[in-house]
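Along the sequence shown, the residues carry numbers beginning at 1.
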Amino acid sequence: MNAKANNTIDKVRQLQRKLYLSAKSNKKRRFHAMYDKVYRKDILYKAWLLVKQNKGVAGVDNVFIKDIIDYGEDKFLKELQTELMENKYIPLPVKRVYIPKKDGRKRPLGIPIIKDRVVQMATKIVIEPIFEANFKECSYGFRPKRSSLHAIDKINQCCKSNGYKVLDADIKSYFDNISHDKLMILVEQRISDRRILKLIRKWLNAGVIENGNNIKSTIGSPQGGVISPLLSNIYLNYFDTIWERYYFKLGTLVRYADDFVIICKNWTDVKIAKAIVTKIMEKLELTIHPEKTRIIDLWDGKEGFDFLGFHNKKIKQKTKDCRSVLVITNYPSNKSMKSMKEKIKQTLLKSTCNDDIPNRIKVLNRKLSDFKNYYGNRYAYKWLAKIDWYVTIRFNIWINNKRRKRNKFSGMEQTRQLIDKLGIVRLAT
């Protein structure tokens with residue numbers, strides 16, 4: 001990384017830390033004069049670096065990252081700075097795309113143009129520390145120095161401490177139903193700069209281009225925007241705050257973006273928790289999905305729940321003094337296993353594999369390493385071993401197809417030895 005980038009990062013961090021400490025010391029302070037920080041040269045440069053690093057596709061203007069690099073990064077940022085300084089910046093509608101979900105449905109995403117992504121990132125850099133000072137411990141999604149594995153660790157702690165009943169909740173079409181007016185009220189509790197507020201309003205109302213039609217936005221925050229995760233956390237921080245202030249004795253809330261569970265000790269508490277959550281969501285003009293929201297009984301080890309890709313369940317184990325105890329375990333959910341197997345299969349499809357085995361191993365190892373780093377714990381061994389076996393099967397089929405062998409499953413042991421010798425990542429180790 002060059003000296004310019006290092007110097008920019010240091011300056012940005014200093015600003016963020018100063019804003020965070022100011023917001024932390026006074027939880028009711030409203031910040032003004034924030035807009036001029038958004039178009040600061042170092043902030044815009046840092047925002048551009050992050051957007052460039054994230055890559056991504058073009059928006060409705062069909063301009064790619066490479067196009068901006070060819071045009072001139074400094075020139076692009078200077079023109080953008082001028083637009084912001086002269087209040088001439090107007091965001092374009094986002095491009096609607098759909099990505100397949102694990103249940104067969106499709107999730108709508110809104111892809112802003114790169115220029116809008118840079119301004120959103122710059123705004124996020126400036127205002128995020130202020131709201132971080134207010135966010136609660138129960139929130140783990142899209143926050144600095146927090147991850148889904150931290151949320152799983154918290155679930156484990158709670159389940160060990162007499163947590164036997166779990167409210168596994170689902171908010172129906174969360175991002176599509178965020179109230180713009182209520183969101184802005186929550187933003188205004190900390191930000192009083194009218195130009196920042198106007199900027200956020202512009203993004204919320206920018207609309208969506210789908211099938212050539214410009215659909216105006218009156219509700220919701222499109223997934224895919226740089227600032228959308230922060231706005232979604234600001235919105236649900238109301239829920240976190242109410243729960244922590246009045247209902248924490250009923251159970252422990254663990255939330256990752258719009259996915260959350262509440263871990264309780266008994267049936268009475270978890271049923272009351274479900275009713276209260278429903279009421280809080282009604283105030284936010286949100287709906288708890290009646291079919292996807294369940295109460296899970298962990299007591300007898302028969303039931304479990306899926307959360308952040310893991311299936312979480314209590315199993316019986318023997319202690320050193322031969323007592324039988326229930327222990328919380330986390331291992332890949334059926335959806336996660338199916339998704340990983342599909343990735344392996346696609347990587348080793350005959351139509352996409354014209355190169356040799358070492359190159360295929362190199363491509364596949366990145367996926368396998370990510371899976372191992374996320375799911376690799378002592379209780380997941382059996383599931384990781386299944387993935388290892390599936391990798392051998394798919395490689396064997398691919399090799400036999402290349403050699404035009406009729407029996408696709410012959411030579412399995414030789415294939416296993418070959419890919420191990422060539423350095424395939426094994427998960428169950």
Peer 1: Any side-chain heavy-atom pair from Trp243 and Ile276 closer than 4.5 angstrom?
Peer 2: yes
Peer 1: What's the shortest heavy-atom distance between Cys159 and Ile263, and which atoms?
Peer 2: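 Shortest heavy-atom contact: SG-CG2, 4.2 Å.
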Peer 1: With a 4.5 Å cut-off on side-chain heavy atoms, are Lys216 and Asn205 touching?
Peer 2: no
Peer 1: Evaluate whether atom NZ of Lys202 has more than 12 neighbouring non-hydrogen atoms of other residues, nucleotides or ligands under 6.0 angstrom away.
Peer 2: yes
Peer 1: Asn26 side chain to Lys28 main-chain N or O, any donor-acceptor pair under 3.5 Å?
Peer 2: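 Yes: the side chain of Asn26 pairs with the backbone of Lys28.
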Peer 1: For Ala169, does its backbone N or O pair with a side-chain atom of Lys274 as donor and acceptor, under 3.5 Å?
Peer 2: no
Peer 1: Is any NZ, NE, NH1 or NH2 atom of the basic residue among Glu83 and Lys115 found under 4.0 Å from an Asp or Glu carboxylate oxygen of the other?
Peer 2: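 So Glu83 pairs with Lys115 through a salt bridge.
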Peer 1: Does Thr241 offer a backbone N or O that forms a donor-acceptor pair with the side chain of Tyr246 under 3.5 Å?
Peer 2: no
Peer 1: Can you confirm whether Arg17 is buried at CZ, in the sense that more than 12 heavy atoms of other residues, nucleotides or ligands lie under 6.0 Å from that atom?
Peer 2: no
Peer 1: Contact between Phe395 and Asn400 at the side-chain level, heavy atoms closer than 4.5 Å - yes or no?
Peer 2: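 Phe395 vs Asn400: side chains apart.
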Peer 1: Verify the distance criterion only: is there a donor paired with an acceptor across the side chains of Arg143 and Asn233 at less than 3.5 Å?
Peer 2: no
Peer 1: Any idea how Trp203 and Tyr89 line up, ring-wise: parallel (<30°), tilted (30 to 60°), or perpendicular (>60°)?
Peer 2: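 Ring orientation, 0 to 90° scale: perpendicular.
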Peer 1: Within the side chain of Thr293, is there an N or O that forms a donor-acceptor pair under 3.5 Å with the backbone of His289?
Peer 2: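 Yes.
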Peer 1: Should the pair Asp181-Arg201 be classified as a salt bridge under the 4.0 Å nitrogen-to-oxygen rule?
Peer 2: yes
Peer 1: Would you verify whether the NZ or CZ of Arg29 falls within 45 degrees of the ring axis of Phe31 while also being under 6.0 Å from that six-membered ring's centre?
Peer 2: yes
Peer 1: Whether the side chain of Ser192 engages the backbone of Glu188 through a donor-acceptor N/O pair (distance < 3.5 Å, no angle test) should be reported.
Peer 2: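 Checked: no pair found.
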Peer 1: Does the Lys95 side chain pair with the main chain of Ala58, one donor and one acceptor, at a distance under 3.5 Å?
Peer 2: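 Checking the backbone N and O of Ala58 against the side chain of Lys95, a donor-acceptor pair under 3.5 Å is found.
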Peer 1: Distance-only, no hydrogens or angles: does the Ser339 side chain make a donor-acceptor pair with backbone N or O of Lys335 under 3.5 Å?
Peer 2: no
Peer 1: Within a 6.0 Å radius of atom NZ on Lys24, are there more than 12 heavy atoms belonging to other residues, nucleotides or ligands?
Peer 2: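 Enclosed: over 12 neighbouring heavy atoms sit under 6.0 Å from NZ of Lys24.
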Peer 1: Evaluate Phe239 against Val277 for side chain to side chain contact (heavy atoms under 4.5 Å, CB included), listing each step before the verdict.
Peer 2: CA-CA 8 Å; Phe239 167 47; Val277 167; 4.1 Å; yes
Peer 1: Verify whether one side chain among Asp193 and His32 offers a donor that lies under 3.5 Å from an acceptor in the other.
Peer 2: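 No, because no side-chain N or O of Asp193 sits under 3.5 Å from a partner of the opposite role on His32.
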Peer 1: So does Lys172 have more than 12 non-hydrogen atoms from other groups sitting under 6.0 Å from NZ?
Peer 2: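 Counting other residues, nucleotides and ligands, NZ of Lys172 stays at 12 neighbours or fewer.
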Peer 1: Within the 3.5 Å criterion, strictly below it, is a donor on Asn373 or Asp370 matched to an acceptor on the partner's side chain?
Peer 2: no
Peer 1: Is the closest side-chain heavy-atom distance between Phe371 and Ile387 below 4.5 Å?
Peer 2: yes
Peer 1: What I want to check is whether the side chains of Ser333 and Ser336 have a donor and an acceptor closer together than 3.5 Å.
Peer 2: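 Per modelled atom types, Ser333 and Ser336 side chains form a pair under 3.5 Å.
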Peer 1: Hey, can you tell me if Phe307 and Phe305 have their rings parallel, tilted or perpendicular (30° and 60° cut-offs)?
Peer 2: tilted
Peer 1: Quick one: closest heavy-atom pair of Val166 and Val270, and the distance?
Peer 2: C-CG2, 4.0 Å
Peer 1: Atom OH in Tyr379, atom CD1 in Ile328: separation rounded to 0.5 Å?
Peer 2: 9.5 Å
Peer 1: Using a strict 4.0 Å threshold on nitrogen-to-oxygen distance, state whether Glu137 and Arg146 make a salt bridge.
Peer 2: yes
Peer 1: Using every non-hydrogen atom in the two residues, find where Tyr374 and Leu149 come nearest and quote the distance to one decimal.
Peer 2: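 Looking at all heavy atoms of both residues, the shortest contact is O-CD2, 3.5 Å.
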Peer 1: Nearest 0.5 Å, what's the CG-CZ distance between Asn177 and Phe175?
Peer 2: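 These two atoms lie 11.5 Å from each other.
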Peer 1: Quick one: does Val57's side chain get under 4.5 Å of Ile111's, heavy atoms only?
Peer 2: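 Touching, per the 4.5 Å side-chain cut-off.
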Peer 1: Mind checking the SG-CD1 spacing from Cys264 to Ile296? Nearest 0.5 Å is all I need.
Peer 2: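 Cys264 atom SG to Ile296 atom CD1 measures 12.0 Å (nearest 0.5 Å).
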Peer 1: Does any part of the side chain of Leu19, heavy atoms only, come nearer than 4.5 Å to the side chain of Ile127, both counted from C-beta?
Peer 2: no
Peer 1: Taking atom types as modelled, is there a side-chain donor on Thr429 or Lys372 under 3.5 Å from an acceptor on the other?
Peer 2: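 Side chains of Thr429 and Lys372: pair found under 3.5 Å.
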Peer 1: Within a radius of less than 6.0 Å around NZ of Lys249, do more than 12 heavy atoms belonging to other residues, nucleotides or ligands occur?
Peer 2: no
Peer 1: Is the backbone N or O of Val325 less than 3.5 Å from a side-chain atom of Gln317, with the two atoms forming a donor-acceptor pair by type?
Peer 2: no
Peer 1: Tell me, with the steps shown, if Tyr35 and Tyr39 meet ring pair (Phe, Tyr, Trp, His ring centres under 6.0 Å).
Peer 2: CA-CA 7 Å; Tyr35 185 79; Tyr39 60 73; 5.7 Å; yes
Peer 1: Let me see the working for Val226 and Val118 under side chain to side chain contact (heavy atoms under 4.5 Å, CB included), right down to the final yes or no.
Peer 2: CA-CA 8 Å; Val226 173; Val118 173; over 6 Å; no
Peer 1: To the closest 0.5 Å, what do you measure between CH2 (Trp299) and CG (Asn162)?
Peer 2: 8.5 Å
Peer 1: Using only heavy-atom distances, determine whether the side chains of Tyr375 and Asn330 contain a donor-acceptor pair under 3.5 Å.
Peer 2: no
Peer 1: Do Val38 and Ile196 pass the side chain to side chain contact (heavy atoms under 4.5 Å, CB included) test, and can you show the C-alpha distance, the side-chain angles, and the key distance before you say yes or no?
Peer 2: CA-CA 9 Å; Val38 171; Ile196 290 285; 3.6 Å; yes
Peer 1: Whether the Thr392 and Arg416 side chains hold a donor-acceptor pair (N or O, under 3.5 Å, no angle test) is what I'd like checked.
Peer 2: no
Peer 1: Looking at Arg194, I'd like to know if its CZ atom is crowded, meaning that more than 12 non-hydrogen atoms belonging to other residues, nucleotides or ligands lie closer than 6.0 Å.
Peer 2: no
Peer 1: With a 3.5 Å distance limit and no angle check, can you tell me whether Asn266 reaches the backbone of Lys165 through a side-chain donor-acceptor pair?
Peer 2: no
Peer 1: Working to the nearest 0.5 Å, report the span between CG of Asn62 and CG of Asp67.
Peer 2: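 Output value for this atom pair is 8.0 Å.
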Peer 1: With distance as the sole test, does Arg255 use its side chain to make a donor-acceptor pair with the main-chain N or O of Asp240 at under 3.5 Å?
Peer 2: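 No.
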Peer 1: Inspect the surroundings of OH in Tyr98 and state if more than 12 heavy atoms from other residues, nucleotides or ligands are less than 6.0 Å away.
Peer 2: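 Atom OH in Tyr98 is packed in, count exceeds 12.
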Peer 1: Could you check Asn377 against Tyr331 for side-chain hydrogen bond (donor to acceptor under 3.5 Å, both in side chains), going step by step and ending with a plain yes or no?
Peer 2: CA-CA 8 Å; Asn377 65 62; Tyr331 50 83; over 6 Å; no
Peer 1: Assess whether atom CH2 of Trp267 is packed by more than 12 heavy atoms of other residues, nucleotides or ligands within 6.0 Å.
Peer 2: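 Atom CH2 in Trp267 is packed in, count exceeds 12.
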Peer 1: Considering only heavy atoms from C-beta outward, does the side chain of Glu132 approach that of Pro144 to under 4.5 Å?
Peer 2: yes
Peer 1: Quick one: closest heavy-atom pair of Gln16 and Pro129, and the distance?
Peer 2: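 Closest pair (atom of Gln16, atom of Pro129, distance): O-CB, 3.4 Å.
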Peer 1: How long is the straight-line distance from CG of Leu298 back to CG of Leu326, given to the nearest 0.5 Å?
Peer 2: 9.0 Å
Peer 1: What are the two closest heavy atoms between Ile344 and Val391, and how far apart are they?
Peer 2: CD1-CG2, 3.7 Å
Peer 1: Checking side-chain hydrogen bond (donor to acceptor under 3.5 Å, both in side chains) for the pair Ser221/Ser228: CA distance, chi angles, key distance, verdict?
Peer 2: CA-CA 6 Å; Ser221 177; Ser228 291; 3.2 Å; yes
